[in-house]
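Data first, discussion second: the structure below is written as structure tokens.
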Amino acid sequence: MSASSPVEMSATIARTAELLRGRKIALLTGAGISTDSGIPAYRGEGSRNRTDPMTIQKYLADDDARRRYWVGGHLGWRAFARAQPNPGHLSLAAMESSGHVSGVITQNVDGLHLRAGSSHVIEVHGTMRRVLCLKCGQVFDRRDIAVQIEERNPWITIPENVALNPDGDVLPESTDGFIVPVCTVCEGMLKPDVVFFGEYVPQGRFKAAESLLRASDALIVAGSSLVVNSGVRLVERARRRSIPLIIINREPTRADVWADVTIAAGTSDVLPAIQELLE
Ligand SMILES: [Zn+2]
């Protein structure tokens, strides 16, 4: 069922809190939980602002695609790093401290759950904080790569206001003369530690998400339209165990038919309201 009027909405939230009371709740979050932090959604249907998403195949094979990726990533990086957790992220961290939430499985790469104070966070699509060398496996902090980019491309200026997408980059106007960063150990090719289109979620991470779900007895999907397969697979696991499934998302999702409650509203309103009732 979905709520429409404010009265219906608070009744639905009250019913949701009763369904969740005394349970260990696992969260599955997506881009919708970060839109109120200024990071627009594009993995969902909504506001995809690039017609041509970067695939892993293109990234590996095409020098120019890689240049575009790093120029865009660099231009967006500072603004992305400035984004702050919103009340949705903060209420999940608080509910973890009070023992209601067992952990968060997130499809986001923005690191906002960790910055909000959640400690059990599984970033199934990786994180923008880290950059990996594809040749020797060295791991770098994204900030150090930003310094390297500025050293190699001293002409680059970062605009004040940029139109970001959820991976924290912008579409560059030009990549002429841009020199991509490389591994400082072996000069190998670098890649941000995020799952690109055409790549699978690493198996260890998916297993960690499954075991978090097994240790929980309710699942809330918050801000994900479940367009990504790994998300749907996790919801199927919950369904097979018949644990309560709550979906909070502005748009319909592929799993609405399985949900005990669907709430078509923003996560930064609904999650704090659930927290208040549970505590
Ligand atoms: Zn290397």
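For Glu123 (side chain) and Val121 (main-chain N/O), no donor-acceptor pair under 3.5 Å exists by modelled atom type. Using modelled atom types, no side-chain atom of Glu210 and backbone atom of Leu234 make a donor-acceptor pair closer than 3.5 Å. At least one donor-acceptor pair under 3.5 Å links the side chain of Thr16 to the backbone N or O of Thr12. Although no hydrogens or angles enter the test, the distance criterion places no donor-acceptor pair under 3.5 Å between the side chain of His125 and the main chain of Val194. Looking only at distances, no side-chain donor or acceptor of Glu18 sits under 3.5 Å from a matching main-chain atom of Arg15. Side-chain atoms of Asp110 come within 3.5 Å of backbone atoms of Leu112 as a donor-acceptor pair (strictly under, hydrogens ignored). The backbone N or O of Ile25 sits less than 3.5 Å from a side-chain atom of Ser102, completing a donor-acceptor pair. The backbone N or O of Val124 sits less than 3.5 Å from a side-chain atom of Arg205, completing a donor-acceptor pair. Checked by atom type and distance alone, the side chain of Arg23 never pairs as donor or acceptor with a backbone atom of Ala218 at under 3.5 Å. The backbone N or O of Ser268 lies less than 3.5 Å from no partner atom in the side chain of Asn86, so there is not a single donor-acceptor pair.
One side chain, Thr29 or Thr106, offers a donor N or O that lies under 3.5 Å from an acceptor on the other. Using a 3.5 Å distance cut-off with no hydrogens or angles, the side chains of Gln275 and His100 do not pair a donor with an acceptor. A donor atom on one side chain and an acceptor atom on the other are not found under 3.5 Å apart for Asn249 and Ser224. Thr127 and Asp193 form no side-chain donor-acceptor contact under 3.5 Å, judged by distance and modelled atom types alone. Checking Thr262 against Asp256 by side-chain atom types alone, no donor-acceptor pair falls below 3.5 Å.
Here the OG-CG distance, from Ser118 to Leu90, works out to 8.5 Å after rounding to the nearest 0.5 Å. Summarising the geometry, atom CD belonging to Gln148 is positioned 9.0 Å from atom CH2 belonging to Trp70; distances are rounded to the nearest 0.5 Å. Atoms CD and CD1, on Gln84 and Ile39 in that order, are 10.0 Å from each other to the nearest 0.5 Å. Of the inter-residue distances, the one linking Leu190 atom CG with Glu187 atom CD reads 10.5 Å to the nearest 0.5 angstrom. Expressed to the nearest 0.5 Å, how far CD1 of Ile243 lies from CG of Asp217 amounts to 7.0 Å. Taking CG of Leu60 as the reference point, atom CG of Leu134 lies at 6.5 Å (rounded to 0.5 Å).
In this structure, the side chains of Val104 and Leu212 stay at 4.5 Å or more apart for every pair of heavy atoms. Contact annotation: the side chain of Leu20 approaches that of Ile220 to within less than 4.5 Å [non-hydrogen atoms, C-beta and beyond]. Side-chain contact between Arg129 and Asp141: absent, with no pair of heavy atoms (C-beta onward) separated by less than 4.5 Å. With a 4.5 Å cut-off on side-chain heavy atoms, Leu278 and Met95 count as touching. Side-chain contact between Ile145 and Ile149: present, with at least one pair of heavy atoms (C-beta onward) separated by less than 4.5 Å. Phe140 has its side chain within reach of Thr184: a pair of non-hydrogen atoms, C-beta onward, lies under 4.5 Å apart. Taking the side chain as every heavy atom from C-beta outward, Ser34 and His89 approach each other to under 4.5 Å. Asn229 has its side chain within reach of Arg254: a pair of non-hydrogen atoms, C-beta onward, lies under 4.5 Å apart.
Nearest heavy-atom pair across Ser225 and Glu251 is OG-OE1, 3.7 Å. Taking each heavy atom of Pro202 and Val195 in turn, the nearest pair found is CD-CG2, 4.0 Å. Residue Ala17 comes nearest to Leu277 through the heavy atom pair CB-CB, 3.7 Å, listed as atom of the first residue, atom of the second, then distance. The shortest non-hydrogen separation linking Ala222 to Leu271 is CB-CD1, 4.2 Å. Taking each heavy atom of Ala215 and Lys24 in turn, the nearest pair found is O-CB, 4.1 Å. Residues Arg241 and Leu213 come closest through the heavy atom pair NH1-O, 2.9 Å.
More than 12 heavy atoms of other residues, nucleotides or ligands sit less than 6.0 Å from atom CD of Glu279. Residue Glu276 places its CD atom among 12 or fewer non-hydrogen atoms of other residues, nucleotides or ligands, all under 6.0 Å distant.
With a 6.0 Å cutoff to the six-membered ring centre and a 45° limit on the axis angle, Arg233 counts as a cation-pi contact of Phe206.
Aromatic pair Phe197/Tyr59: ring centres not closer than 6.0 Å.
Using a 4.5 Å cut-off between side-chain heavy atoms of Ile, Leu, Val, Met, Phe, Trp and Tyr, with links allowed through other members, Met128 and Ile56 fall into the same hydrophobic cluster. Under the 4.5 Å side-chain heavy-atom criterion for grouping Ile, Leu, Val, Met, Phe, Trp and Tyr, Ile248 is connected to Val101 within one hydrophobic cluster. Grouping the Ile, Leu, Val, Met, Phe, Trp and Tyr side chains by contacts below 4.5 angstrom, directly or via other members, places Val257 with Leu245. Val228 and Tyr200 sit in two unconnected hydrophobic clusters of ILVMFWY residues. Membership requires side-chain heavy atoms under 4.5 Å apart, directly or through other members. Under the 4.5 Å side-chain heavy-atom criterion for ILVMFWY residues, no single connected hydrophobic cluster contains both Ile263 and Trp258.
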Begin from the C-alpha positions of Arg66 and Met189 and carry the test side-chain contact (heavy atoms from CB on, under 4.5 Å) through to its verdict.
-> CA-CA 10 Å; Arg66 222 157 38 241; Met189 189 191 292; 3.3 Å; yes
Output, in order, the C-alpha distance, side-chain angles, deciding distance and verdict of salt bridge (charged side-chain N to carboxylate O under 4.0 Å, His left out) for Lys191 and Glu199.
-> CA-CA 13 Å; Lys191 175 181 169 293; Glu199 260 187 308; 3.3 Å; yes
Verdict with supporting geometry, Trp155 and Asn153, side-chain contact (heavy atoms from CB on, under 4.5 Å) | CA-CA 5 Å; Trp155 49 273; Asn153 305 277; 3.7 Å; yes
Hey, mind stepping through Cys183 and Gln138 against side-chain contact (heavy atoms from CB on, under 4.5 Å) and telling me if it holds?
-> CA-CA 8 Å; Cys183 175; Gln138 179 73 31; 4.3 Å; yes
Please test Leu219 against Ile246 for side-chain contact (heavy atoms from CB on, under 4.5 Å), starting from the C-alpha separation and ending with a verdict.
-> CA-CA 6 Å; Leu219 175 65; Ile246 316 296; over 6 Å; no
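Salt bridge present: Arg68 and Asp64 bring a charged side-chain N and a carboxylate O closer than 4.0 Å.
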